[in-house]
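Lettering of chains follows the sequences in order, A, B, ..., and the numbering in each one begins at 1. Heavy atoms only: backbone and side chains are in, while hydrogens, waters and symmetry mates are out.
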Amino acid sequence: MTTLKGYWAKRSRMCGDLRREDAGSEVVLNGWVQRRRDHGGVIFIDLRDVSGLVQVVCNPEVSAAAHAAAEGVRGEYVIYCRGTVRTRPEEAVNPKLPTGEVEVIAEEVGIISQSPTPPFEIQEESGVDEALRLRYRYLDIRRPDLRQALILRSRVTGEVRDFLSSRGFLEIETPILTKSTPEGARDFVVPSRLQPGKFYALPQSPQLFKQLLMVAGLDRYYQIARCFRDEDLRADRQPEFTQIDLEMSFVEPEDVISLMDEMFSRLFLLFLEVELPTPFPRLTWREAMERYGSDRPDLRYGMEIHDYTDAFARSEFKVFRNAVENGGRVRGFKIDGLVSPPRRELDELVEEAKRLGSSGLVWMVREGEGLRSPVAKFLSREEVEALAEASGLREGEVLLLAAGGPEIGPVLAGMREYCARRFNLPCSSRFAFVWVTEFPLFDWDEEEKRYKSNHHPFTAPSPDAIDLLEERPLEVTSQSYDMVLNGVELGGGSIRIHDHAVQERVFSVLGLSREEAEDKFGFLLEALRYGPPPHGGIAYGLDRIVMLMAGRDSIRDVIAFPKTQSGSDPLTGAPDAVYPGQLRELRLRPL
RNA sequence: GGAGCCGUGGUGUAGCCAGGUUAACACGCCGGCCUGUCAAGCCGGAGAUCGCGGGUUCAAAUCCCGUCGGUUCCGCCA
């Protein structure tokens, strides 16, 4: 059979959908050639589309034309195939494929479009250099893991939309070209042609706009919002990323938190078949710092930090006693799930602690009634007993201790992570969610010698802490909450200030004069005079959510066209120079 | 801004520390054989001036310096 140039038969089914029940039916498939196996007589073609893969059999005894066409087919060619679905002979069933019980006996095959040999193999496991994959991202996305991640991402956002919309949220778009606001990350800036010398900024988040929408009386807003921050990149940070952003009127923290518990348990049940117990556990910021040394603790592991200061108050071990006498504390944790590691590994722990910025780390291993430790000789029997008692250390178990001020918290937090990874410790669960609440309203910025908002300047102080605003600002907690999953901050939010007087007091602590505040976000302040409802919300990093759900280590693996660490896109070549004429039009000149 | 790691046919690696033959292996690619494979098999073939620049040396993929790209982390990211 001769085919007309440009002719192709349109598909009747998707490759990956064919099953045993379809046996006997005539189908037309369109797809990419994953692989061709030519046995001289019969030719097998693995045909791929977005739904998956199915085997096409081109037997010259069935159709000489189809077989002849198949001989000219190469990898990544796009073809059509008309044929009949057949259950495979029992010994030829491929249990590795969802479609492995069937195959399509080709009666007609034609090439729709050709392809050069791709620069890398389109297959599951890809050790291929990421820069090359990014340059040919459209080929990279043909690989199943990337394709699946993008499918998952689409389903997650779809479900988020369904869920929020069913709860009365309205999806509203906010500007991409907007005004640079102070504090926070460095802005991406866009020059204005109509107003030379002036600039838009791309939004770091729709924060201010969503508050305006609450003042506007829309009651509940959400958006799958692109955000831009001109800061250095990381595995979990891109210059542009996507937030699930939402805001609600007439709510307290509890309302936001419980709604999000519901949304996330739904997502995980639907897409990962994981049942998450709700409500998710909660820790206040203070508890989190005390027990895990971090405001984003990984609760898949125990290794809770305890205070052992009392045990060393009068110790012969000078390093610890001095630390205690100088107002410091001795804190540490037991490495759950590790027994009698070799000396070499214990020494590695000390090195790691130093890398984390600690001046030292002491390990102790329970051996019989005593403790093996580099500092054992400085410890009295009473101290050893007190430690063994307080730590609950069992035979062979390891206790790590560090002494000093608040700076040892992050060190111990780092050591928890390191131990979990280094010793491959068992997880209590695959996904450990936790809310961290009541963050401090302010941090002290040592460089600029002033208070800064921990979250942002519109975050409401806890009602019972408002009186401390002026006297002891660092002790003021806020009505804020972060959702943390496996040690990754997924999102955070707060109840906002709706009382004008409170807002002014906060600005005053931040050292913002009325004029400065007016200049920086006067439009919001003005809006907040016109009957703002009490409101609050939260914003999530969608990329991070999907990354964790897909079991990936980088958000680049769940973004169709991500950027490299230097912010470039190897596919398009962005960023790039522009024509001099463009600069002239914008009244811009390079320095 | 700082620290670490990586860069060798189309792809992934070995070789580099201890400089010295035609730079090795696997996958892919091309050709041949082959009617049940699915990482097909067997036979044959093509394909790399070792990221780039400079230096040391009789001699550099290998040592030194610089630079570019990628990546991880610290700083930064309200």
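RNA chain B lies under 4.0 Å from at least one heavy atom of each of the following residues of residues 116-124 of chain A: Thr117(A), Pro119(A), Glu121(A). Contact check of residues 30-40 of chain A against RNA chain B (heavy atom, cut-off under 4.0 Å) returns Arg35(A), Arg37(A), Asp38(A), His39(A), Gly40(A).
Side-chain contact between Leu441(A) and Thr459(A) is present, with at least one heavy-atom pair separated by less than 4.5 Å. At a threshold of 4.5 Å between non-hydrogen side-chain atoms, the residues Val476(A) and Val509(A) do not count as touching. Counting heavy atoms from C-beta outward, Tyr222(A) and Glu247(A) have side chains that stay 4.5 Å or more apart.
Nucleic acid contact class of Asp46(A) (heavy atoms, under 4.0 Å, all strands): sugar-phosphate only. In this structure, Glu103(A) reaches the bases: a heavy-atom distance under 4.0 Å links it to at least one base atom across the strands shown. Backbone-only engagement by Asp129(A) is indicated by non-hydrogen atom pairs under 4.0 Å involving sugar-phosphate atoms exclusively. Among the atoms of the strands shown, base atoms are found under 4.0 Å from some heavy atom of Arg86(A). Contact annotation for Ser568(A): backbone-only contact, meaning every heavy-atom pair under 4.0 Å involves sugar-phosphate atoms and none involves a base. Residue Ala92(A) is classed as a base contact, given a heavy-atom separation below 4.0 Å to a base.
Residues satisfying the side chain to side chain contact (heavy atoms under 4.5 Å, CB included) test with Ala131(A), not counting sequence neighbours, are Asp129(A). Listed by chain and residue number, nothing satisfies the side chain to side chain donor-acceptor pair (under 3.5 Å) test with Thr437(A) (two or more places apart in sequence, or in another chain). A search for side chain to side chain donor-acceptor pair (under 3.5 Å) contacts involving Arg133(A) returns Asp140(A), not counting sequence neighbours. The salt bridge (charged side-chain N to carboxylate O under 4.0 Å, His left out) search around Arg472(A) returns Glu475(A), not counting sequence neighbours. Applying the salt bridge (charged side-chain N to carboxylate O under 4.0 Å, His left out) criterion to Asp38(A), with sequence neighbours excluded, gives Arg36(A). Among residues two or more places apart in sequence or in another chain, the side chain to side chain contact (heavy atoms under 4.5 Å, CB included) test is passed with Pro98(A) by Arg19(A). Applying the side chain to side chain donor-acceptor pair (under 3.5 Å) rule to Arg48(A) yields the partners Gln34(A), Glu76(A); only residues at least two apart in sequence or on another chain are considered. Judged as a side chain to side chain donor-acceptor pair (under 3.5 Å), and not counting sequence neighbours, the contacts of Ser478(A) are Ser480(A).
The separation of rC5(B) from rA48(B), taken at their P atoms, amounts to 31 Å, rounded to a whole angstrom. With C1' as the reference atom, rG47(B) and rU11(B) are 13 Å apart, rounded to whole Å.
Heavy-atom nearest nucleotides on RNA chain B were determined for Leu132(A) and for Glu91(A), and the one closer to the 5' end corresponds to Leu132(A). With the nearest nucleotide of RNA chain B identified for both Gly184(A) and Leu134(A), Leu134(A) has the one nearer the 5' end.
Candidate nucleotides rG75(B), rG70(B), rC38(B) were compared by shortest atom distance to the side chain of Arg237(A), and rG75(B) ranks first. The side chain of Glu130(A) approaches rU71(B) more closely than any other nucleotide in the set rC77(B), rU71(B), rU37(B).
Regarding Glu417(A), its CD atom lies at a distance of 12 Å from the C1' atom of rC73(B), rounded to whole Å.
Distance check, rounded to the nearest 0.5 Å: CG of Leu512(A) to CD of Glu504(A) gives 11.0 Å. To the nearest 0.5 Å, atom CG of residue Asp236(A) and atom CD of residue Glu489(A) are 9.5 Å apart.
Shown here, rU71(B) forms a base pair with rG4(B); the pair counts as Watson-Crick or G-U wobble because both key distances fall under 3.5 Å. Nucleotide rC27(B) forms a Watson-Crick or G-U wobble pair with rG10(B), both donor-acceptor distances falling under 3.5 Å. rG47(B): no Watson-Crick or G-U partner with both key distances under 3.5 Å is found in any strand.
Phosphate proximity of rG70(B) to Ser566(A): present, with a side-chain N or O under 4.0 Å from OP1 or OP2.
Enclosure of atom CZ in Arg11(A) is not indicated, since only 12 or fewer non-hydrogen atoms of other residues, nucleotides or ligands lie within 6.0 angstrom.
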If you restrict it to nitrogen or oxygen atoms, what contacts under 3.5 Å exist between nucleotides 45-53 of chain B and the protein, and what is each distance?
none

Output one line per pair: protein atom, nucleotide atom from nucleotides 1-6 of chain B, and distance, for all N/O pairs under 3.5 Å.
residue: rG1(B); atom: O6; partner: Asp232(A); partner atom: OD2; Å: 3.3

